[in-house]
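Structure record follows, encoded as structure tokens.
Note that the coordinates shown come from a computational prediction; the quantities given were computed from them, not determined experimentally. A note on names: the letters A, B, ... follow the listed sequences, proteins ahead of strands, and every chain is numbered from 1.
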There are 2 protein chains.
Amino acid sequence: MDDSRSSGGLRERKRRATENAIEEAAVGLALRDGIAAATVEAICREAGVSRSTFFNYFPSKEQAIFGRAAEFAPDATSEAILDAHAGELAVGVFYVGLHALGSQRVNTEVARARVALVAADPALAHHHAAAVAKLEAGLVALLADWLARHPDARRLPGDPLVEATLTVAAATGAGRLMMAEFLAGAGDIAIDEERFRAALAAMALVAGAGAPGASHG
Amino acid sequence: MDDSRSSGGLRERKRRATENAIEEAAVGLALRDGIAAATVEAICREAGVSRSTFFNYFPSKEQAIFGRAAEFAPDATSEAILDAHAGELAVGVFYVGLHALGSQRVNTEVARARVALVAADPALAHHHAAAVAKLEAGLVALLADWLARHPDARRLPGDPLVEATLTVAAATGAGRLMMAEFLAGAGDIAIDEERFRAALAAMALVAGAGAPGASHG
DNA sequence: CCGAAATCTTGGACAAAGTGCAAGTTTGTA
DNA sequence: TACAAACTTGCACTTTGTCCAAGATTTCGG
């Protein structure tokens, strides 16, 4: 049943090819002629499929252009990453986020093109925002579940959801800064743990500035 | 010229009444019969206006239901708030955010209904996410500008945008937690500075846990 | 190899969102 | 009153997205 979906049958190969064709046509058209010109009809013409087939692969035009929102099921890898960073969960969340983004097997060129698209047209920012929000929500759920099963690693009392929310907020705040620097700096800035830790520390500084005597006496 | 827009002429009174009618019809219908049933036509019928008029007031159906995204122009009040909290800008950002949300003169009942709508249908969460993202972007821009003009208040070297991004990330992280608690706790939880400071301190704790001694290297 | 079953593609009809425009109506103002 | 600005409305149009039925393709069992 799932065999035909994951292994290399003719059907599956064709399906991937079609999906790729649509995706590339969508992104390419949007980049070349602008978002407004990238109608579903134009994309279909470019990709050589019918309108029906288009909506058979993507539920909306936007998802064809911007990709399906990162919906990562809580897999074993995420679990292992958190286990390995039990003492510094913000860093763990950082790696889980990278894992979630990386495991989407997206064409690198397509990904870059998408960044350019959003950067060029501010009216499209909400797509990016929605995707980020979805990823964040997933991370919170994952971490809250993990925290409930690992009480020893917790730093805050009460509902695990609270600690999860704050930890993810811290991680994504730092991540957001890195992304901003990455985009502003011509893209040659590395996204690594060191930079992430520096951003995290800086955020703890500006956050702690408003709450004297609460964190470390 | 602007007189007729802001003062209490007949025209302006009518305009506000129509806007309110559309807004209430939109939210009411969505709540009562579900989002799917709240078509533009139905809203217009309920509000007693034509389709043309509808789009004359709201650029999209979603904005009628969920409200125009909080677009706050950097006004004098925001400036004064930041001035008053130069030593703890995260708190200042908190108050500016409250100001931006509060100055939208939204009907309280409509606001509550909107929260219920988003809570009921998770598929609608991206509207909320986009609105939050827009507010955040505005806050970052405002704070970066303020920081550039008040170097003495800064805590981080380099681009003011960096400090602004991190400070806003910290503030909205804490704010997000408060909002989550507010929604989870039947809505009888106060949103005040004390709770905000506590959330901020907690976030500094979980963030600082992952970056020992990295801030003053 | 052959036929049945599942899957995929396609075209067409349809509801609804959103845009543009021209005509008519109401309000503000001299 | 007369005129200009702003508002409302109906209509035609493009586009997105859904639904369905008919035909083509792939898979699989015998």
Side-chain angles (χ1 to χ4, degrees), chain A residues 1-23 25-27 29-30 33-66 68-69 121 123-124 126-127 130, chain B residues 1-23 25-27 29-30 33-66 68-69 121 123-124 126-127 130:
Chain A
M1 4 192 88
D2 218 6
D3 217 26
S4 64
R5 276 202 170 276
S6 56
S7 87
L10 211 197
R11 197 162 260 170
E12 178 61 16
R13 255 180 298 141
K14 269 195 174 179
R15 183 155 256 275
R16 293 205 186 215
T18 311
E19 183 171 333
N20 245 316
I22 295 178
E23 209 166 36
V27 176
L29 265 181
D33 305 340
I35 286 281
T39 68
V40 172
E41 277 207 3
I43 296 172
C44 290
R45 223 178 307 125
E46 186 97 352
V49 297
S50 72
R51 241 177 60 93
S52 301
T53 300
F54 177 94
F55 285 109
N56 213 330
Y57 280 83
F58 295 90
S60 77
K61 191 184 78 166
E62 333 237 287
Q63 296 218 14
I65 298 181
F66 296 103
R68 302 180 195 66
D121 190 343
L124 265 46
H126 68 277
H127 288 295
Chain B
M1 2 192 84
D2 217 8
D3 219 28
S4 66
R5 274 204 171 274
S6 56
S7 87
L10 210 198
R11 194 163 262 172
E12 178 62 13
R13 255 181 298 141
K14 270 195 174 180
R15 182 156 257 276
R16 293 205 185 213
T18 310
E19 184 170 333
N20 244 316
I22 296 177
E23 209 166 34
V27 176
L29 265 181
D33 306 339
I35 287 280
T39 68
V40 172
E41 277 207 4
I43 296 172
C44 291
R45 224 180 304 127
E46 185 98 352
V49 298
S50 74
R51 243 176 60 93
S52 301
T53 300
F54 178 93
F55 285 109
N56 213 330
Y57 280 83
F58 294 90
S60 76
K61 190 184 77 169
E62 333 237 286
Q63 297 218 13
I65 298 181
F66 296 102
R68 302 180 196 66
D121 190 343
L124 265 46
H126 67 277
H127 288 296

Problem set entry | d(CD, B:Gln63; P, C:dA17) in whole Å | 15 Å

For this session: Output the distance between atom CZ (A:Phe54) and atom CD1 (A:Ile43), rounded to the nearest 0.5 Å.
Result: 4.5 Å

Exercise. Roughly, in whole Å, what's the span from CG in A:Leu29 to C1' in D:dT15?
Worked result: 15 Å

For this session: Return no unless some side-chain N or O of A:Tyr57 is found under 4.0 Å from OP1 or OP2 of C:dC8.
Result: no

Exercise. What nucleic acid atoms does B:Thr39 come within less than 4.0 Å of, heavy atoms only: base, sugar-phosphate, or nothing?
Worked result: sugar-phosphate

Exercise. Distance from A:Gln63 atom CD to A:Tyr57 atom OH, nearest 0.5 Å?
Worked result: 16.0 Å

Problem set entry | Atom-to-atom span, CZ of B:Arg13 to C1' of D:dC7 - whole angstrom | 16 Å

Exercise. Taking CZ from A:Arg15 and P from C:dA6, how many angstroms apart are they, rounded to a whole number?
Worked result: 17 Å

For this session: State the CD-CZ distance between A:Glu12 and A:Arg16, to the nearest 0.5 angstrom.
Result: 5.0 Å

Exercise. Taking NZ, NE, NH1 and NH2 as the nitrogens, is one of them in A:Arg15 or A:Glu19 under 4.0 Å from a carboxylate oxygen of the other?
Worked result: no

Exercise. So which heavy atom on A:Ala64 is nearest to which on A:Ala26, and how close?
Worked result: O-CB, 3.9 Å

Nucleotide N/O to protein N/O under 3.5 Å, stretch nucleotides 23-26 of chain C:
residue : atom : partner : partner atom : Å
C:dT26  : O3'  : B:Lys14 : NZ           : 3.4
C:dT26  : O2   : B:Arg11 : NH2          : 3.3

Seminar exercise, completed: CZ of B:Phe66 to NZ of B:Lys61, rounded to nearest 0.5 Å, is 9.0 Å

Exercise. Can you tell me how far P of C:dG12 sits from CZ of A:Phe55, to the nearest Å?
Worked result: 17 Å

Problem set entry | Gap between atoms CZ and P, on A:Phe54 and D:dT16 respectively (whole Å) | 8 Å

For this session: Using heavy atoms and a sub-4.0 Å distance, could you list which residues of residues 43-52 of chain A are near DNA chain C? By number, please.
Result: A:Val49, A:Ser50, A:Ser52

Exercise. Given atom CD of B:Glu19 and atom C1' of D:dA6, what is their separation to the nearest angstrom?
Worked result: 16 Å

Exercise. What is the distance from NZ of A:Lys61 to C1' of C:dA17, rounded to the nearest Å?
Worked result: 13 Å

For this session: Might you point out which heavy atoms bring B:Cys44 and B:Ser50 nearest each other, and give the distance in Å?
Result: SG-O, 3.7 Å

Exercise. So, does A:Thr53 use its side chain to make a donor-acceptor pair with the main chain of A:Val49 at under 3.5 Å?
Worked result: no

Exercise. Nearest heavy-atom pair of A:Glu46 and A:Leu29: which atoms, and what distance?
Worked result: CB-CD1, 4.3 Å

